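Each chain gets a letter, A, B and so on, in the order the sequences are listed, and its residues count up from 1. Note that the structure is a prediction, hence the values are computed from the model and not measured.
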Number of protein chains: 2
Amino acid sequence: MNGGDEADTFQRFLRTQGLKLTSQRGAILERVLTIRKHFSAEELFESLRAETQGISKATVYRTLALLVQAGLLDEHDFERGHKLYERAGNHAHHDHLICVSCSRIVEFHNDEIETLQEKVAREHGFEMVSHTHQIFGVCPRCKREGGARTRRAASRPRAPTHPAP
Amino acid sequence: MNGGDEADTFQRFLRTQGLKLTSQRGAILERVLTIRKHFSAEELFESLRAETQGISKATVYRTLALLVQAGLLDEHDFERGHKLYERAGNHAHHDHLICVSCSRIVEFHNDEIETLQEKVAREHGFEMVSHTHQIFGVCPRCKREGGARTRRAASRPRAPTHPAP
DNA sequence: TTCCGTGCAAATGATTTGCAGGACT
DNA sequence: AGTCCTGCAAATCATTTGCACGGAA
């Protein structure tokens with residue numbers, strides 16, 4: 001579950017696909033492993049552009065896809081037209097609470113909900129494969145401060161994509 | 001909860017915004033009210049293009065946004081880069097089961113999950129505003145038939161955006 | 001008469017892809 | 001040698017927007 005393991009996992013994955021571990025892929029993996037929060041392809045690209053002698057955006061996108069396939073990253077669709085990634089495997093499965101004011105993301109896990117989901121799927125004859133569960137709300141800090149804070153692009157006040165329950 | 005009501009609601013909404021109920025907006029609302037399932041802007045546009053003397057795609061997009069604001073439609077982000085809409089208010093709140101094979105969408109509602117969500121939000125100090133909950137799996141028909149069926153674009157085998165739980 | 005709306009086409013913006021020269025095995 | 005890769009730029013694709021003319025209140 002440390003970097004070495006994940007480099008090995010990636011290495012192995014690439015081998016099974018007849019692919020190679022290039023310096024760019026190595027640099028991307030290494031950087032990705034240092035990021036603790038959710039990040040976009042763009043952010044990763046910017047972060048790499050500086051130091052490493054430049055990795056193209058196309059390669060970042062291509063490598064992120066590989067890392068997702070290898071099971072090292074999870075991919076989320078919190079905001080339309082803007083995927084976010086996070087390290088997989090270092091936490092147990094979790095879903096997300098998202099602040100509608102500052103876009104902060106907090107992870108949560110609830111066994112009862114997990115169980116109920118399975119049950120719902122079963123009741124409808126579905127064999128559950130995966131799920132997405134996002135709760136949108138106002139985080140404690142924004143409630144306190146009045147909510148004008150913006151961490152990521154909460155500027156365009158994206159109406160929550162969902163009706164209030 | 002019939003068409004008349006919703007036309008009134010829209011009319012009223014437009015008035016409060018200083019907007020007008022044009023023939024195009026009327027035609028779009030009318031058509032939208034006849035659709036029972038989830039639909040995309042593109043599909044709505046195609047469906048209108050035929051009969052009405054042609055409504056531009058831009059107007060469809062603009063009007064869909066108004067209908068969402070007016071609370072007459074709910075907007076969902078099931079597939080990346082492809083919003084789907086559905087009539088609001090005629091069913092109680094619900095979430096979705098989505099077949100990973102044929103893209104069929106089945107609605108579900110589970111009070112226990114709803115309650116637990118509120119609880120999770122509260123425990124993290126969030127004031128819940130809305131949520132999105134999608135369960136991906138193989139529907140009964142696809143399980144039976146082997147799953148090669150494609151209703152919508154299940155062609156590009158969009159890897160589920162989420163890790164298996 | 002005065003905004004509001006519409007259609008058209010061009011602009012977006014994240015992501016993807018075609019291509020040609022490079023690199024690793 | 002033979003693939004696999006990368007960087008670049010051009011291509012996608014759903015959605016949005018700028019403009020100039022037509023229309024409802």
Exercise for the section: Could you state the atom-to-atom distance from CD of A/Gln11 to C1' of C/dT25 in whole Å? Expected result: 13 Å
Practice task
Round to the nearest Å and state the distance from A/Phe78 atom CZ to C/dA14 atom C1'.
Solution key: 17 Å
Exercise for the section: Could you tell me which residues satisfy salt bridge (charged side-chain N to carboxylate O under 4.0 Å, His left out) with B/Glu42, sequence neighbours excluded, listed by chain and number? Expected result: B/Lys57
Problem - Protein proximity profile, nucleotides 15-22 of chain C - base contact B, sugar-phosphate-only contact S, no contact -, cut-off 4.0 Å on heavy atoms - result: BBBB----
Exercise for the section: Determine, for nucleotides 20-25 of chain D in 5'-to-3' order, which nucleotides have protein heavy atoms under 4.0 Å from the base (write B), from only the sugar-phosphate (write S), or from neither (write -). Expected result: ---BB-
Handout entry: B/Gln117 versus B/His131, side-chain donor and acceptor atoms under 3.5 Å
Key = yes
Practice task
Under the ring pair (Phe, Tyr, Trp, His ring centres under 6.0 Å) rule, collect the residues that match up with B/Phe108, sequence neighbours excluded.
Solution key: B/His133
Exercise for the section: I would like to know whether B/Glu118 and B/Glu114 meet side-chain contact (heavy atoms from CB on, under 4.5 Å); could you show each step before the answer? Expected result: CA-CA 7 Å; B/Glu118 294 274 9; B/Glu114 300 289 325; 5.9 Å; no
Problem - Residues A/Glu86 and A/Arg36 bridged, charged N to O under 4.0 Å - result: no
Problem - A/His124: partners by side chain to side chain donor-acceptor pair (under 3.5 Å), with sequence neighbours left out - result: none
Handout entry: Nearest-Å distance for atom pair CZ/C1', residues B/Phe45 and C/dC8
Key = 11 Å
Problem - Spacing of A/Gln17 atom CD relative to D/dC5 atom C1', expressed in whole Å - result: 16 Å
Practice task
Can you tell me the distance, in whole Å, between the CG atom of A/Leu14 and the P atom of D/dC5?
Solution key: 8 Å
Handout entry: Set of residues satisfying salt bridge (charged side-chain N to carboxylate O under 4.0 Å, His left out) with respect to B/Lys20, sequence neighbours excluded
Key = none
Handout entry: Distance in angstrom units between B/Leu48 CG and C/dT6 C1', rounded
Key = 14 Å
Handout entry: Rounded distance (Å) that lies between atom P of C/dA14 and atom CG of A/Leu64
Key = 15 Å
Exercise for the section: Look at the rings of B/His76 and B/His94 and say which category their plane angle falls in: under 30° parallel, 30 to 60° tilted, over 60° perpendicular. Expected result: tilted
Practice task
Would you tell me if any nitrogen or oxygen in the side chain of B/Gln24 comes within less than 4.0 Å of OP1 or OP2 on C/dG7?
Solution key: yes
Exercise for the section: Ignoring backbone atoms, test whether A/Thr59 places a side-chain nitrogen or oxygen under 4.0 Å from the OP1 or OP2 oxygen of D/dG7. Expected result: yes
Practice task
Determine the minimum heavy-atom distance between A/Ile135 and B/Ala121, stating which atoms define it.
Solution key: CG2-CB, 4.3 Å
Fill in the blank from the handout: To the nearest angstrom, the CZ-C1' distance between B/Phe10 and C/dG5 comes to 12 Å
